[in-house]
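Read through the structure below, which is laid out as structure tokens, and then see the notes.
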Amino acid sequence: MPALDPLDLVRAFYQALNRGDLDAVVALYHPDCIVEHVFTDDGAVYEGREIVAGLWAAELARFRGALAGGRRFDVTRVAGMETAWGWVRADWSAATSDASAAAGEPVETIGYSYFWIEDGLIRRHRSVARRAPTTPAQARTRPHATKQYPLQPVVGVGAVVMNDHRQVLLVKRRHEPLAGQWSLPGGALELGETLEAAAAREILEETGLVVDVGPVVEVFDRILVDEAGQVQFHFVLVDYLCTVAGGALQAGSDVDDAQFADPNDLGALHVAAKARDVVARALRMKDEGC
């Protein structure tokens, strides 16, 4: 099996942590790895995969994830570092609680981690974290790309979100393009944001659901022109297959409604043909175990 791209390896690391998969976490470390300031309330430096494996086992047993869906980390950005080739930086927020306590306030932190990838494995791992503000959560102001009459194509993400009944999540758009129509949830990628993080954010904002972002279903473009022939919208869209991990279904501020629908009913709901094709491909991928 070929080695993962360094950025993909770091994403896989956090996905494994959020699953609580100790074996998968440990397998991503180099035998001679060095970890610094990684474990809760522990600023020490450790060397060697066997020692790190024991520390992660203790960490996973002592603390459980306190984010929606039982996750530990929300990773907002995974980026390569041009000035230090081979290093990857991941920015994140985290929340854990004592696994032995029936209840209690979770410990929330925000921070970032550096990874040095060598031979397709994590050779060094260092984290910098601080406690999250104790005041009520304040949504970060995000600069949105100009979608209408853009100067360049806008990168967007979409999602085929399925529930246990093989129904597909739809939203009724409030704004153009597709105002008043049912479509797959999604929106524009923001500066410094990973595609997967954007997909998860858009679904949460539009539908109230927390999802696990899976494989890419399709990448395609959509160009719409006005009566004068000027490009009014130009999207390059990346659609992911996603599964529900938590949250509660409710229409967000950018949509008029959100619901699950039978894939056979998408035509009657006037879902665009391209979106129906993407759903059909996602269903095939799910049946094939992707």
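Along the sequence shown, residues carry numbers from 1.
- Distance OG1/Thr109 to CZ/Arg130: 10.0 Å, rounded to 0.5 Å.
- In this structure, Gly120 and Leu9 approach most closely via the heavy-atom pair O-CD1, 2.9 Å.
- Judged by distance alone, the side chains of Thr40 and Glu59 do bring a donor and an acceptor atom under 3.5 Å apart.
- For His125 and Phe13, the distance between ring centers is under 6.0 angstrom.
- Between the CG atom in Asp98 and the CZ atom in Phe63 there is a gap of 6.5 Å [rounded to 0.5 Å].
- A distance-only check finds a donor-acceptor pair linking the side chain of Arg276 to the backbone of Val271 [under 3.5 Å].
- The CD1 atom of Ile51 sits 9.0 Å away from the OH atom of Tyr46 when rounded to the nearest 0.5 Å.
- Taking NZ of Lys286 as the reference point, atom OG1 of Thr243 lies at 6.5 Å (rounded to 0.5 Å).
- Ion pair Arg284/Glu288 not flagged as a salt bridge, since none of the NZ, NE, NH1 or NH2 atoms sits closer than 4.0 Å to an Asp/Glu carboxylate oxygen.
- In this structure, His37 contributes its side chain and Gly43 its backbone to a donor-acceptor pair below 3.5 Å.
- In the model, Trp92 has no side-chain atom that pairs as donor or acceptor with a side-chain atom of Thr76 under 3.5 Å.
- Residues meeting the side-chain hydrogen bond (donor to acceptor under 3.5 Å, both in side chains) test with Asp91, sequence neighbours left out: Arg77, Arg89.
- Of the inter-residue distances, the one linking Phe220 atom CZ with Lys274 atom NZ reads 5.5 Å to the nearest 0.5 angstrom.
- In this structure, the separation between CD on Glu206 and CG on Leu184 is 10.5 Å, given to the nearest 0.5 Å.
- The residues Arg201 and Glu193 are annotated as salt-bridged, a charged nitrogen and a carboxylate oxygen being separated by less than 4.0 angstrom.
- Listed here is the closest heavy atom pair of Ala261 and Leu170: CB-CD1, 3.8 Å.
- Annotation for Gln167 and Asp262: closest pair CG-N, 4.4 Å, computed over non-hydrogen atoms.
- Ile203 and Val211 get closest at one heavy-atom pair: CD1-CG2, 3.6 Å.
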Salt bridge (Lys or Arg N to Asp or Glu O under 4.0 Å), that's the test. Do Glu36 and Arg124 meet it? Break it down for me. CA-CA 8 Å; Glu36 308 171 54; Arg124 297 195 68 164; 2.5 Å; yes

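- Salt-bridge formation is detected for the pair Asp256/Arg174: a Lys NZ or Arg NE/NH1/NH2 atom is positioned less than 4.0 Å from an Asp or Glu carboxylate oxygen.
- Ring geometry, Phe73 versus Tyr14: the interplanar angle exceeds 60°, so the pair is classed perpendicular (tilted spans 30 to 60°).
- Ring geometry, Phe235 versus Phe233: the interplanar angle falls under 30°, so the pair is classed parallel (tilted spans 30 to 60°).
- Within a 6.0 Å sphere centred on CG of Asp221, other residues, nucleotides and ligands contribute more than 12 heavy atoms.
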